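Throughout, protein chains are lettered first and strands after them, A, B, ... in sequence-line order, and every chain is numbered starting at 1. This structure is a prediction, so every number in the text was calculated from the model and none was measured.
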Amino acid sequence: MKFPALTSTLFLSLALVRGQIQSLPMKGGPPGVTDPNAPPAPPVTGKSTLSGIVVNGKTHEPIKKANVMINGTSSLSAVTDSGGNFSFRALPAGTYWIMANQAEFTQKQQRGQMALNVTLGDGEEKTGVEIALQPGATLSGKVINEDDQPVANCSVNASRAATRQSPQGFGGGYGGVTDSDGTYRIHGISPGRYTLRAQCSQSFPAPHGFMRLNDPEIPSEGYSPATYPGGGNTATSGLLVDAGADLAGIDFHVQRSRMFTVRASVSGVDTALLPTIQMFITSKDTQQDDEMGMLARAMGRRGTYVFRNVAAGNYEVSAILAQGDKAFHGRQDVQVGNSQVTDIEMKMIAAASLSGSVVTDDPNVQFEGQQLSLQPLQPNYRGAFPFSPISKDGSFELKAVLPGHFMLNGLQGGFFKSVTLGGREVNPSDFEITGEGTGVLHISLSSRFGKVHVSAESQPPQGEQISAVLIPVEGGQPQMNVSTVRPVDLEFDSVAPGKYRVLLLSSDNPGMIMNDPGIQKALEDRASQVTVGEASDQRVTASIVSREDLSKLLDSSE
Amino acid sequence: MQRLFLLLALAGFVCTTCEPAEQTGIIGGVVRNGWTKTSIKRAIVTLRTTGQNILEALAYSEANGAFAFTGVPPGDYTLCARLTGYERACFGGNDELGTPVQLLTLAPGQRKQDVVLAMLPNGSVSGTVLDADGDPVPHAHIQLLRPVYTRRTLHWQPAGQAVANEAGEYHLPFVQPGDYRVMASAQYQQALRVRPEAVVGQPVQEEIYLPQFYPGATSVDGAASLTLNAGNDLKGIDFTLSTTPQIAVAGTIHPPQGVELDGFVQIQFLPENRAGWQQDLRFGTNAPDFTFQANVAPGRYRLIATAEAKDRPYRADQWVDASSSNISVALTPGTPLTGKLIIEGESRNQHGPYSIHLTSGDDSPVDGAPPATEVSENGAFEFPSIFPGVWDIGVTPMPPGSYIKSMLLGDRDVLTKDMKLEEGVRKPLTIVLSTKGAVVSGNVMMKDGTGPVTNVRSRLLLAPAGTYEDVLGFYKTTLTDSKGHFEFKGITPGNYRIYAFDRLQLDEYWKPDFLKPFLLSASDPFPITEGARVSHDANLIIRNTGAAE
């Protein structure tokens with residue numbers, strides 16, 4: 001039986017890290033450390049050449065000192081001159097990928113399309129290859145306090161909005177620090193929608209009468225973080241940054257406020273395990289999409305954890321200990337602000353085991369050797385991902401399951417027909433495990449998959465790669481198939497019963513596109529619907545979303 | 001009168017458990033920029049008591065620079081203002097670094113509200129970092145270095161750093177007055193040189209940036225010393241980094257026979273004559289081969305490899321030349337150091353528990369906290385694993401008036417001489433701590449015989465004379481009180497001289513020959529025996545130019 005493909009990781013484009021050299025094998029290697037690979041084989045030379053120019057995609061000016069790399073039958077790298085020129089010589093005939101980067105630019109190719117692809121014939125001299133790089137944008141402004149005074153040494157951070165697929169945000173973040181006059185400048189930012197946050201971590205004492213030096217009761221003040229723009233759902237708001245934009249005056253206003261200390265002492269775990277506990281404090285008052293918990297610093301081996309510079313308010317302190325197959329957790333609400341130091345007791349509870357069994361309607365399915373595993377759905381799940389081998393009779397025991405929302409990872413040979421937890425039916429793509437007595441997990445597998453055949457309303461040009469995407473409406477991993485064959489006819493043969501949306505995309509890199517929730521939403525009305533029943537065979541037609549349309553979507557909704 | 005009322009309304013009341021109100025007074029004034037004379041708002045003003053247990057009251061200066069402390073009991077205090085971007089300013093003036101903070105004596109019920117705290121703005125250093133093509137060097141790192149004579153040898157201590165922006169420009173604010181050398185580096189970053197043509201089969205020699213010390217020197221010794229005074233903005237401190245072909249260094253780490261390492265081996269390459277940590281290269285290597293390869297500039301490096309197996313640390317420390325091929329590095333475990341702490345003169349548990357800690361005396365980088373161990377009830381202590389090298393020993397706590405009488409490794413003196421530990425089994429370390437430290441007290445007198453000096457505090461240095469002149473641990477410093485009186489406690493027996501300075505930075509005397517010019521103004525050497533109480537005055541040495549005696 002075909003195993004449903006894990007598709008969200010299926011993208012072939014090379015992740016370019018801003019300002020750094022491509023991770024391709026290079027002669028000589030970058031300074032610092034290189035992986036000790038096998039020594040390179042003597043290069044085969046040829047008679048072809050490839051030359052061109054690297055330009056600013058917006059102004060069409062040449063870019064000096066851009067790194068250009070080709071990879072294929074041979075690998076080479078060059079650094080452009082002031083005219084943006086590069087040339088590769090003595091190349092053997094073959095296919096090559098060409099990439100370029102420069103610290104202040106981002107490469108358009110990474111967003112959904114493959115790098116530039118060139119085929120060289122024997123003795124061919126290909127000239128005029130133009131690589132356009134998008135200029136990075138610059139953000140600048142200042143951080144000022146309520147007295148209109150600049151605040152130095154604040155970190156200003158621009159990060160991509162978090163999505164459900166990539167809860168930590170993706171593409172990395174950019175940051176800067178304010179100078180003595182309170183100004184900051186961040187450059188080389190790739191286009192997109194960003195949340196901006198200024199965090200001034202300095203703390204200073206509040207006025208007080210005679211007290212001992214280093215008295216923990218000395219009142220202190222600090223600055224609460226500020227965001228730009230403030231509030232709202234970060235996935236749709238946030239600052240839109242265009243390629244090469246120069247956005248000035250992005251100022252932050254921070255307020256001084258009293259800061260307090262929370263001290264937590266831990267009980268319920270062996271003293272030897274104390275240093276491995278991770279403790280976080282998160283605000284209950286502000287509803288932020290991206291939860292920014294503060295990590296406590298452990299004090300000595302006495303099991304005391306200290307959070308400093310906590311603003312007044314209501315918080316939840318949570319603690320996690322995950323060591324191998326042992327896990328503990330604790331949670332405590334705390335109100336901060338009544339006194340300079342608030343002491344709490346954190347009682348750690350051993351994470352429960354979750355036991356259960358799997359049954360199937362197909363006598364040919366083998367459980368033994370298969371792993372049942374849970375995938376945590378929240379971004380801040382801090383334990384190990386629970387898994388357990390399934391024994392011959394279908395029973396399993398997942399140890400050390402911390403409370404949270406989970407998805408059941410698929411099993412070989414069948415789809416989840418029904419899943420019950422403690423007698424209640426739950427959605428295998430999203431179910432909750434609480435701290436106490438969750439009950440037994442019963443999984444019923446069915447091997448009666450359905451099939452879906454996808455064809456196109458109109459045929460695309462020869463050679464163009466078409467991807468079909470099958471998205472379960474209830475949630476769960478989409479499946480993808482790609483083909484260059486004509487007429488377009490893609491088959492999914494292990495489809496679990498349920499409702500699906502079907503998309504046909506003209507793209508070599510559907511995974512990257514489908515990872516973007518904005519694009520998924522925009523494509524919703526281009527999708528066809530199909531309902532799959534047990535052992536049924538469904539045919540569905542869809543219209544192909546062209547490369548131009550996808551390019552436009554990528555450009556506009558990032 | 002109105003102004004007084006205003007001050008009272010804004011004032012910080014310092015003490016609710018103190019003397020009755022008739023006895024208490026007010027200390028207040030303004031905080032100003034020492035150059036422009038404009039008032040400074042939100043400066044932190046602290047009023048501290050003197051004596052054994054120091055208490056501190058804190059207030060912020062208002063928009064007009066005013067501050068006040070009310071309900072202040074009579075006594076001696078220090079009063080200072082601090083604010084990022086400025087040098088600290090204290091009552092009694094604080095023009096030169098190293099000048100002791102003067103005391104403010106408040107009489108019962110006195111209202112001293114005319115204090116002016118003049119703060120001088122910090123300096124800054126700025127410039128650009130370019131490569132030989134005239135293009136900015138991406139992520140160039142700029143480091144200020146100041147000379148420190150740790151263990152009487154010159155070390156360069158990092159004192160502020162900045163990273164250049166995309167145009168190669170950097171700005172380092174908040175620099176304290178002092179003498180600095182400036183280094184720019186883009187270490188272990190592939191040098192970007194224009195090279196538009198690449199041919200298959202032709203090897204490319206990659207290059208690496210060399211650090212540069214302003215102006216244009218390749219080592220810190222050839223660099224210029226830049227003096228930064230308060231408020232100085234040193235501009236145009238520019239660099240042009242040159243490049244050199246990189247060399248591939250390769251080798252293998254060998255764990256000892258039969259030992260399975262946890263995790264990876266951390267490797268550090270420290271260049272010879274390095275100044276500041278920016279020049280260090282750090283990376284790791286894994287099982288099963290533990291091979292490594294790095295691309296570095298030509299030269300000699302100190303290779304330090306560290307790893308752990310079952311919580312036991314292992315290390316290698318050897319010099320390698322970048323041009324060597326196939327470097328073999330053998331990891332060895334640290335060996336224990338055991339010892340005994342003997343307390344003379346009082347019951348052991350009065351101040352304990354004691355702990356012993358070791359700090360590297362030969363610039364060996366130590367991962368994590370320096371080794372420390374607790375001393376058990378019977379005085380025994382053990383360090384399970386210490387690597388070979390020079391180590392300095394510290395004992396905490398040092399009860400008031402106590403001193404280290406002797407430190408012996410086996411029968412070798414390691415108190416006045418360096419403790420060099422070798423591999424293998426070590427002799428035990430015996431430390432004798434005596435609570436019967438000698439006390440030296442006296443007054444600071446004017447050179448002309450009048451005195452004691454009471455209008456200004458001075459800093460005293462008790463310096464060993466003769467054999468132990470180089471044992472920095474035997475030097476002691478203290479300040480006079482408001483009457484010109486000083487006292488040193490816990491003195492190790494020996495011959496000493498006393499120097500009384502109007503200003504002295506705490507690490508100035510570490511420099512060899514620093515004291516030579518002042519020898520004639522110091523007291524003649526005199527002996528101090530165990531537990532003695534010696535009375536000896538000292539003549540004030542004035543270093544401030546133009547100050548009257």
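Contact check for B:Glu197 versus A:Ser51: no side-chain heavy atoms found under the 4.5 Å cut-off. Side-chain contact between A:Pro205 and B:Tyr60 is present, with heavy atoms from C-beta onward closer than 4.5 Å. Contact annotation: the side chain of A:Phe210 approaches that of B:Pro73 to within less than 4.5 Å [non-hydrogen atoms, C-beta and beyond]. Between A:Leu76 and B:Val200 the shortest side-chain heavy-atom distance falls below 4.5 Å. The side-chain heavy atoms of B:Leu192 and A:Gln102, taken from C-beta on, include no pair separated by under 4.5 Å. In this structure, A:Asp81 and B:Pro196 have side chains that are in contact, with non-hydrogen atoms separated by less than 4.5 Å. Counting heavy atoms from C-beta on, the side chains of A:Val79 and B:Arg193 never come closer than 4.5 Å. A:Asn153 has its side chain within reach of B:Phe174: a pair of non-hydrogen atoms, C-beta onward, lies under 4.5 Å apart.
A salt bridge between A:Arg212 and B:Glu56 is absent, with no side-chain N of the basic residue lying under 4.0 Å from a carboxylate O of the acidic one. One finds a salt bridge joining B:Asp131 and A:Lys65 here, because a Lys/Arg side-chain nitrogen approaches an Asp/Glu carboxylate oxygen to under 4.0 Å.
Both the backbone and the side chain of B:Asp133 come within contact range of chain A, judged by heavy atoms closer than 4.5 Å. Of the two parts of B:Ile267, neither the backbone nor the side chain holds a non-hydrogen atom closer than 4.5 Å to a non-hydrogen atom of chain A.
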- Query: What do the steps show when you test A:Phe204 against B:Arg42 for side-chain contact (heavy atoms from CB on, under 4.5 Å), and what is the final call?
  - Reply: CA-CA 11 Å; A:Phe204 20 88; B:Arg42 286 289 300 179; 3.8 Å; yes
- Item | Criterion side-chain hydrogen bond (donor to acceptor under 3.5 Å, both in side chains) on A:His187 and B:Asn165, from CA distance to verdict | CA-CA 9 Å; A:His187 56 269; B:Asn165 66 13; over 6 Å; no
